[in-house]
Structure formats: structure tokens, C-alpha cells
Amino acid sequence: MTFSAVIVAAGSGTRAGPGQAKQWRLVAGKPVLRWSVEAFLASGAAQIVIVTTEDGGQALYDVLAGLSGWSTALGGATRALSVQSGLAALAARPVDEPVLIHDAARPFLSGDTIAGVLRALEDADAVLPALPVADTLKRAEPDQNPVTTSREHLWRAQTPQAARRETLLAAYAAWSGGEPTDDAQVVEAAGGRVAIAPGDPLLMKLTYPEDFAMAERLAGAARITRVGQGFDAHRWGPGEEVWLCGVAIKHDETLIGHSDADAGLHALTDAILGAIGEGDIGDHFPPTDPKWKGAASDLFLKHAAELVTAKGGAIVNVDVTLICERPKIKPHRQAMRERLAQILALPLDRVSVKATTTEKMGFTGRGEGLAASAVVAVETPA
Ligand SMILES: Nc1ccn([C@@H]2O[C@H](COP(=O)(O)OP(=O)(O)OP(=O)(O)O)[C@@H](O)[C@H]2O)c(=O)n1
Ligand SMILES: C[C@](O)(CO)[C@H](O)COP(=O)(O)O
């Protein structure tokens, strides 16, 4: 389902204590706001409006470096005003398109939560993700005994909250209560049907200083590790040098292929694409396309690495094995590792290049061709 998103990030974060407002602070090395933008991009949001203060403007470009598909709107004095500013900035989108309104202060947004909210919107005017209250509740006035209060039918509201843009615009225009604390409440007051979608315990709102320590611990749980493997082989032919793992090696033959035939980079590119479920190298760079004739294969690897970044992921380590009788790989291994580390912006100890012969057996053993296999570990949001 096509949808757009409004991320409200114009608050001052007073309760989180002194220092930078919470949406700009880091959790697991990543700005709080960036977590949500990446989650919406990974789920295919058609447009993302980020609502910030004027001061936030420049910070935004640093915080969202490398990401596209977002625009900005100026926040208001309250969350509700910031939401309305974000909705106004979506004027070019279809008025009946679902809009997901999300607190920047909730970094651990998953694709499942987004999908659940959108699914529930098929039968409702507005949807909020929520969790049932699990603790016993007490109402306590100063100097009085706490009074136990039923927790039955009580839910903790989270974001993103969804409604079609026209529904939200009409409901906010009709709102005459005090300060609404969420968007579903505004649709509810306008007589709309509000549904609850599954909330997520990880989707906590950073509110108090101590929440940041908790978020650091949750950051590990909010990410998954994926593994991808790739394989490639090319035939030997007449030539004077061969490209392997991004390094040119003088040799009495070359590998034949549509691009520079760097089997090491091709296997590694496929491993990365495999880890993130993005098909294979041929899907992205068809061998039938003359554009890629003689292309330097580091371009393919960079593209795969950029797809990982766009999903909010990071490559953990890569391991390439080259399979050939000749040339000898050992003298070039360090240069290959350094080149791969440079292309992928990884520390050297996370890049491995190995080599083996097949003891004169098979096509590599007979010197007909060279093969390469690669394994990669990638971390992405769950
Ligand atoms: N005028 C406002 C107030 C809040 N928000 C956003 O609404 C979300 C939820 O608000 P809250 O957690 O209350 O954030 P703050 O208002 O920043 O925090 P505090 O109340 O502690 O100052 C946050 O992402 C916040 O940036 C906003 O865009 N504009
Ligand atoms: C919208 C909200 O996240 C729902 O739980 C929440 O109400 C926003 O925070 P605030 O402290 O009420 O501004």
C-alpha cells in the first residue's frame, strides 16, 4: 500500500535533561531521528516529511547524510501543531493516501509495526500501535494510600499512528479539546473508528535521561544479523593482466567477461545482495546492457554496499576465497584486502581474502578458469 510519513522532531526534549535535544543524540552510534527515517525508507514510504525547529535545519543534513526521499517542515509550539505542519507539507500527495505520524523520539521502529498499522487501516479511520498494560496500576495522591486501579482494557499508545490525510486534516480542523496527546485521539473525537494494531515493546519513547541507557541496550535487540554467500567463475583467455578483488595483477592470461571479469568482486557483490534479499548482480547490472561493457567491478560492489546503507544496515565482515592454480594470490592478498576495505569503508580486520587451488582437479585445476566464493555478514534493523 502506498503511504507517506510525518516524523515529528520539533520538540525540545526538556524531560530528557540538558544538552542536545533527544532527536539529535546518538543511540548505538546513530542519531535518534535517523533510525526512524531508515525504517520508513526500508518499508517504501513514498514521501517522508520531517518536522523540525529552525535550528534543526542544518543538523538534519548531517544526521541524514546519504539518505534521500525526505523533505522538511517547520514545527510548531506543540506536537499537534507540528503534526499539522507536516500534513500541510504533504499537499502534493493524494489526499486519501495513508499517512503514518511518528515520534522521532521512538527510534526502534520495525517494518512489522509499519505493516501492521497499514493493514489495520483497511478497516478503520485511524490506527495506533499499542501494548496492553502489564503492570498493576496504582493511583497515588501525595500523603494518601495508593489505590489499586484496574488495568483491564488499558493500552499504552505508541506511534506511528495512521489515517488517510483527508481524515486527519478534517479531524484536526474540528478539534476543540485541550492539547491532544496523540493523533488517534483527534480522529476519535471527530467520531472516527479507531483500531489498535500490535505495538512493540522495543518501540519505547525516549523521554527521561535514563531512557538512553535502556535504548543502548535495546539497540542490539532491534537489529538482526544476516548472512549472504556469492559465487562466480570466469574463463581464462589471452591477455596480460587480471583484475582480482579490485587489484590489477600482471599475468600471462586475463579473465574473459562482459565487465572487467573480477570474479572476487562479483562473488562479494552477490553475497551482499543475497544478505539483504536484493537479487543478484545480474538484476542490477544486466550483462546484456552495453553500459557495463568493460566496467570496473568496484562500481558493482559500491552499489551493493549503498543498498545496505539505505536499509539502515551495516556490513559486519567479508570473507572472499579465490580458487585457481595461477596466478599466486598470496603476494597480492594484502593489497586486495586493503582495496576491499577502502571500497566498503571497513576496518582491515573485517576483510579477509583467501586462496586455494583445487589440486589440478576440475576447471580451475586444468587452468580453464578461475572461481571465487564469498561470505558476508550484514546487520540491519529487524
Ligand atoms: N512542539 C513539538 C513538541 C513535540 N514534538 C515531537 O513530538 C514527539 C513526542 O513528544 P515528546 O516526547 O513529548 O518530546 P518533547 O516535546 O521534545 O519532550 P519534552 O516534553 O520532554 O520537552 C517528539 O518526537 C518531539 O520531537 C514536536 O515535533 N513538536
Ligand atoms: C503520541 C505519543 O507518543 C503516544 O504515546 C505520546 O503521547 C507523545 O508524547 P507526549 O509526551 O504526550 O508529547
(request) Without swapping roles, check the side chain of D182 against the backbone of Q185 for a donor-acceptor pair under 3.5 Å. (result) yes

(request) Mind listing the closest non-hydrogen atom pair of T254 and P238 along with its distance? (result) CG2-O, 3.3 Å

(request) Using a cut-off of 6.0 Å, state whether more than 12 heavy atoms not belonging to R25 lie near its atom CZ. (result) yes

(message) For L203, is there any backbone N or O sitting under 3.5 Å from a side-chain donor or acceptor partner on R106?
(response) yes

(request) Specify the closest pair of heavy atoms between T159 and I101, including all atoms of both residues, with the distance to one decimal. (result) CB-O, 3.6 Å

(request) Of all the heavy-atom pairs spanning I315 and V318, show the shortest one and how long it is. (result) CG2-CG1, 3.8 Å

(request) Give a yes or no on whether a salt bridge exists between D183 and R79, defined as a side-chain N under 4.0 angstrom from a carboxylate O. (result) yes

(message) Checking the side chain of E325 only, and the main-chain atoms of T358 only, is there a donor and an acceptor separated by less than 3.5 Å?
(response) yes

(message) Using 30° and 60° as the class boundaries, would you call the ring planes of W236 and H251 parallel, tilted or perpendicular?
(response) tilted

(message) So which atom in G75 and which in A10 form the shortest heavy-atom distance, rounded to 0.1 Å?
(response) CA-CB, 3.7 Å

(request) Return yes if some donor-acceptor pair links the side-chain N/O of Q84 with the main-chain N/O of A80 below 3.5 Å, else return no. (result) yes

(request) Give the cluster check for F3 versus V194: same hydrophobic cluster or not, with ILVMFWY residues linked at side-chain heavy-atom distances below 4.5 Å. (result) no

(request) Answer yes or no: is there a donor N or O on one side and an acceptor on the other, between the side chain of T357 and the main chain of E359, under 3.5 Å? (result) yes

(request) Report whether I114 and F108 are members of the same hydrophobic cluster (ILVMFWY, side-chain heavy atoms less than 4.5 Å apart, transitive linking). (result) no

(message) Please tell me whether V8 and L87 are part of a single hydrophobic cluster in this structure, the criterion being side-chain heavy atoms less than 4.5 Å apart.
(response) yes

(request) Please name the pair of heavy atoms, one in A157 and one in A130, separated by the smallest distance, quoted to 0.1 Å. (result) CA-CB, 4.2 Å

(request) For L344 and A305, work out which heavy atoms get closest and say how close. (result) CD2-CB, 3.8 Å

(message) Does the plane of the ring in Y61 sit parallel, tilted or perpendicular to the ring in W70? Use 30° and 60° as the thresholds.
(response) tilted

(request) Would you check if the side chain of T52 reaches a backbone N or O of A9 as a donor-acceptor pair within less than 3.5 Å? (result) no

(message) Any salt bridge linking E166 with R164? Criterion: basic side-chain nitrogen under 4.0 Å from a carboxylate oxygen.
(response) no

(request) Mind running side-chain contact (heavy atoms from CB on, under 4.5 Å) on L273 and F300 for me, showing each step along the way? (result) CA-CA 10 Å; L273 293 174; F300 308 151; over 6 Å; no

(message) Do S71 and Q47 pair up side chain to side chain, a donor and an acceptor below 3.5 Å, judged on atom types alone?
(response) yes

(request) Let me know which of L301, L346, L348 forms a side-chain contact (heavy atoms from CB on, under 4.5 Å) with L340. (result) L301

(message) Is it the case that the side chain of Q229 and the backbone of A374 share a donor-acceptor pair, with hydrogens and angles ignored and the cut-off at 3.5 Å?
(response) no

(request) Answer yes or no: is there a donor N or O on one side and an acceptor on the other, between the side chain of N317 and the main chain of R350, under 3.5 Å? (result) no

(message) Is it the case that atom NZ in K354 sees more than 12 heavy atoms from other parts of the structure closer than 6.0 Å?
(response) yes

(request) Give the cluster check for V375 versus F231: same hydrophobic cluster or not, with ILVMFWY residues linked at side-chain heavy-atom distances below 4.5 Å. (result) no

(request) Run the numbers on C245 and R339 for side-chain contact (heavy atoms from CB on, under 4.5 Å), then give the verdict. (result) CA-CA 7 Å; C245 292; R339 180 68 187 128; over 6 Å; no

(message) Please check: side-chain N/O of D211 versus main-chain N/O of Y208, any donor-acceptor pairing under 3.5 Å?
(response) yes

(message) Check this for me: E152, atom CD, are more than 12 non-hydrogen atoms of other residues, nucleotides or ligands nearer than 6.0 Å?
(response) no

(request) Mark yes or no for whether S85, through its side chain, and A73, through its backbone, hold a donor-acceptor pair below 3.5 Å. (result) no

(message) Counting C-beta onward and ignoring hydrogens, is there a side-chain heavy-atom pair between S259 and H266 closer than 4.5 Å?
(response) yes

(request) Please identify each residue that fulfils ring-ring contact (aromatic ring centres under 6.0 Å, His included) with H303, with sequence neighbours left out. (result) H284, F285

(request) Kindly work out whether a path of hydrophobic side-chain contacts (I/L/V/M/F/W/Y, heavy atoms less than 4.5 Å apart) joins V51 to F40. (result) no

